[in-house]
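Everything on this sheet refers to the single structure shown next.
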Amino acid sequence: YDQALEMDPEYAPAQLGRVELLRRMGNFVPFFSGLEDFIRNEAVRPEIKSNYLTVMMDNIDSPFFWVWGDTINRLVDLDLEMHPEDYDIQMLKLRMCYIKQDWQAVLDQCMRMAEMARAEGNKEHLGEALSIAGDVWYQQLQDKKKAYETYEEALKADPDRTSVLNNYAYYLCLEGKSLRKALKMSRRTVELEPDNATYLDTYGWLLYLLKRPKEAKPYFKHAMLYGGKD
């Protein structure tokens, strides 16, 4: 690899091969230095860079991130600066904000991604960004009104996004509000993913709350079949 890079310092296959070898050897100072050179290489397609960073994040543990997290954050920001149009690096940036539990940064990143999706006319990406924002509003910031508004906007963009349909329905049932609306949303999740234990559980619980226990029972049994260990 070094010989190849002496001939052509930006030869991407040699850059990546050397970086990966250093990672496997546990030689992380030159690994991250080489990875930065790889990310700066404009000849490399954006999705290859973001994919490598994402796979790396998928395979590290908390102690590693505790030591190298700032470096990884810096490389993610570098990639994002170079390729702001790459959806995968936008998602990885969102993930980094989540790890820090910086909820305002998470919301800001969701809104950036939503604006990108609107500009591109990508309803799936718009629904995903708004779905995550809605969850943060409800789970972390306890702003139910804002969460429901965001879920409504997400469903306008992507009416069959099951994560929004289920979470929205479940939160309504916790409050005992709009149960028939919640049931309709929950029913749609079961139609789309009939073996998803989480969705079956929500639907069964809503039927029970609406005093339809005989109808609820088969859904609970089905949920136990596919998710009983949980």
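Atom set for the values below is all heavy atoms of this structure, side chains included, hydrogens, waters and symmetry mates excluded.
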Flag, side chain of S186 to backbone of A182, donor-acceptor distance under 3.5 Å: no
In E128, E47, E120, the residue satisfying side-chain hydrogen bond (donor to acceptor under 3.5 Å, both in side chains) with Y87 is E128
Indicate yes or no: does E153 engage K156 in a salt bridge with an N to O separation below 4.0 Å. no
Just verifying a value: how many Å separate D8 CG and Q15 CD, rounded to the nearest 0.5 Å? 8.5 Å
Quick one: do the Q104 and D108 side chains pair a donor with an acceptor below 3.5 Å? yes
Between F220 and Y208, is the ring-ring contact (aromatic ring centres under 6.0 Å, His included) condition met? List the steps. CA-CA 10 Å; F220 284 128; Y208 177 77; 7.4 Å; no
Can you tell me how far CG of N196 sits from NE2 of H222, rounded to the nearest 0.5 angstrom? 10.0 Å
Is it the case that the side chain of T150 and the backbone of K146 share a donor-acceptor pair, with hydrogens and angles ignored and the cut-off at 3.5 Å? yes
Is it the case that the side chains of Y203 and E215 hold a donor-acceptor pair, with the cut-off being a distance below 3.5 Å and no angle test? no
Quick one about H125 and N122 (side-chain donor to acceptor, distance below 3.5 Å, no hydrogens or angles considered), yes or no? yes
Can you confirm whether M57 is buried at CE, in the sense that more than 12 heavy atoms of other residues, nucleotides or ligands lie under 6.0 Å from that atom? yes
Are R187 and E191 within salt-bridge range, i.e. N to O under 4.0 Å? no
With a 4.0 Å cut-off, would you call K181 and E175 a salt bridge? no
Distance only, no hydrogens: is a donor on one side chain within 3.5 Å (strictly under) of an acceptor on the other, for N166 and T189? no
Of the non-hydrogen atoms in A147 and G134, which two are nearest, and what is the gap between them? CB-O, 3.5 Å
In this structure, which one of L35, L92, I89 forms a side-chain contact (heavy atoms from CB on, under 4.5 Å) with D79? I89
From the list K100, Q101, K93, side-chain contact (heavy atoms from CB on, under 4.5 Å) with C97 holds only for K93
